[in-house]
Amino acid sequence: MNKYEVMFIVKPDMEEAQITKVAEELKKVLTDNKAKLLEEKAMGQRELAYEIKKFKTGYYFLFVVEADSTAVSEFDRIAKINENILRHLIIKAED
């Protein structure tokens, strides 16, 4: 099992409850695939470096997980098709 940092940006045009629900669904994707959540951070709404899909801000979330490639690839697949996710990034962390 490797350590990964998973960051994603949720669209800002939804209610706070919906934004939290999107983050919980993505966390569930990881945990359902046997990933161990080490750290979870809701970083709040921040300005984007450049406009993405006509949005200038987004809600940032960071998960630090210990997982195998199956969990990470499933998260990647779900994040790509989820319309509420503006961007996501998965980095293999150095131990």
Side-chain angles (χ1 to χ4, degrees):
M1 296 254 259
N2 295 312
K3 192 172 174 183
Y4 294 93
E5 290 183 7
V6 179
M7 180 175 265
F8 57 95
I9 307 170
V10 180
K11 285 176 157 183
D13 64 345
M14 302 185 302
E15 291 180 21
E16 198 168 318
Q18 290 174 305
I19 292 168
T20 306
K21 185 179 177 218
V22 169
E24 290 298 319
E25 288 170 359
L26 290 173
K27 185 184 353 176
K28 189 173 180 337
V29 168
L30 289 167
T31 55
D32 285 354
N33 286 287
K34 298 179 179 76
K36 182 180 168 191
L37 196 65
L38 303 175
E39 188 179 335
E40 176 183 358
K41 257 189 213 174
M43 299 167 70
Q45 188 170 10
R46 296 183 177 209
E47 193 171 321
L48 301 171
Y50 53 89
E51 221 173 86
I52 303 172
K53 297 180 186 174
K54 300 191 178 172
F55 292 107
K56 294 178 191 276
T57 63
Y59 284 89
Y60 283 68
F61 292 90
L62 173 70
F63 296 152
V64 177
V65 296
E66 207 171 78
D68 58 8
S69 60
T70 317
V72 173
S73 59
E74 180 64 11
F75 178 90
D76 189 43
R77 186 185 75 79
I78 298 293
K80 283 179 183 173
I81 60 175
N82 190 329
E83 294 177 356
N84 296 319
I85 304 298
L86 295 176
R87 286 281 190 277
H88 73 283
L89 179 68
I90 303 168
I91 298 172
K92 187 174 176 182
E94 295 293 322
D95 290 332

Using the salt bridge (Lys or Arg N to Asp or Glu O under 4.0 Å) criterion, which residues pair with Lys53? Sequence neighbours excluded. none
Applying salt bridge (Lys or Arg N to Asp or Glu O under 4.0 Å), can you list everything that pairs with Asp76, at least two apart in sequence or on another chain? Lys80
According to side chain to side chain donor-acceptor pair (under 3.5 Å), who are the partners of Glu25, at least two apart in sequence or on a separate chain? none
With sequence neighbours left out, what residues match Glu39 under side chain to side chain donor-acceptor pair (under 3.5 Å)? none
Glu15: salt bridge (Lys or Arg N to Asp or Glu O under 4.0 Å) partners, not counting sequence neighbours: none
Listed partners of Tyr4 passing side chain to side chain donor-acceptor pair (under 3.5 Å), at least two apart: none
Looking at residues at least two apart in the chain, or sitting in another chain, which of them share a side chain to side chain donor-acceptor pair (under 3.5 Å) with Glu74? Arg77
For residues 15-62, pull every pair meeting ring-ring contact (aromatic ring centres under 6.0 Å, His included), keeping only residues two or more places apart or in separate chains. Phe8-Phe61
Pairing residues for Glu51 by the salt bridge (Lys or Arg N to Asp or Glu O under 4.0 Å) criterion, not counting sequence neighbours: Lys56
For Glu24, side chain to side chain contact (heavy atoms under 4.5 Å, CB included) partners two or more places apart: Thr20, Lys27, Glu40
All side chain to side chain contact (heavy atoms under 4.5 Å, CB included) counterparts of Asn84, not counting sequence neighbours: Lys11, Met14, Val22, Asn82
Can you list every salt bridge (Lys or Arg N to Asp or Glu O under 4.0 Å) pair that touches residues 81-91, not counting sequence neighbours? none
